[in-house]
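Both counts, for ligands and for their atoms, begin at 1 and track the order of listing.
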Amino acid sequence: MKLLIINGPNLNMLGIREPDIYGRTTYNDLCDLIIGHAQAIGVEVELYQSNHEGDLVDKIQEAYGNTDGIVINPGAYTHTSVAILDALKAVALPAVEVHISDVDAREEFRRISYIRSYCRATISGRGVQGYLDAMDLLSQGE
Ligand code: DQA
């Protein structure tokens, strides 16, 4: 099984950006955690991060036919992007939405997620552990 882990804008700044909200784990640390977890549960993993909406759409489209599931934290595009929702629908792969912070307990605008309706689950507010939990869900076929 192959999983694609997609991170959107500003998630490359993890560990530096607003550590009181997002913690001190860096993006590189997160990648190491994900790679280690993938080995532990016996799945292949590809990691991708971009600050650009169209690049995220391209990456989702590229997954068609060669990937079994997508873990996606679209960052701020969660709250604005119909294009990312449409790309997920286009490839029709199982997907789980992840947010490091508890988006429902923050500003009103963060409660809107365009991708939530498509995703099998939303994991929010569990820090970087949420990515690993999402991998578990997809690898178990949930
Ligand atoms: C985020 C929450 C979003 O509202 C925010 O724009 C992010 C990160 C999270 O992981 O908690 O960039 O998706």
Tell me, please, which residues at least two apart from Asp133 pass salt bridge (Lys or Arg N to Asp or Glu O under 4.0 Å). Arg126

Is Tyr118 atom OH crowded by more than 12 heavy atoms from other residues, nucleotides or ligands, each under 6.0 Å away? yes

Whether His79 and His99 hold their rings parallel, tilted or perpendicular, with breakpoints at 30° and 60°: parallel

Output all residues satisfying salt bridge (Lys or Arg N to Asp or Glu O under 4.0 Å) with Glu62, sequence neighbours left out; order by chain, then residue number. Lys59

Any idea which heavy atoms bring Gln49 and Gly8 closest together, and the distance? NE2-O, 3.0 Å

Can you list everything that forms a side chain to side chain donor-acceptor pair (under 3.5 Å) with Asp29? Sequence neighbours excluded, please. Thr26

Please give the N or O to N or O pairs under 3.5 Å between ligand 1 and the protein, distances rounded to 0.1 Å.
unit_1, atom_1, unit_2, atom_2, d
ligand 1, 4 (O), His79, NE2, 2.7
ligand 1, 4 (O), Arg110, NH1, 2.8
ligand 1, 6 (O), Ala76, N, 3.2
ligand 1, 6 (O), Arg110, NH1, 3.2
ligand 1, 10 (O), Asn73, ND2, 2.8
ligand 1, 10 (O), Ile100, N, 2.8
ligand 1, 11 (O), Ile100, N, 3.2
ligand 1, 11 (O), Ser101, N, 2.8
ligand 1, 11 (O), Ser101, OG, 2.6
ligand 1, 12 (O), Arg17, NH1, 3.1
ligand 1, 12 (O), Arg17, NH2, 3.2
ligand 1, 13 (O), Asn73, OD1, 2.8
ligand 1, 13 (O), His99, ND1, 2.8

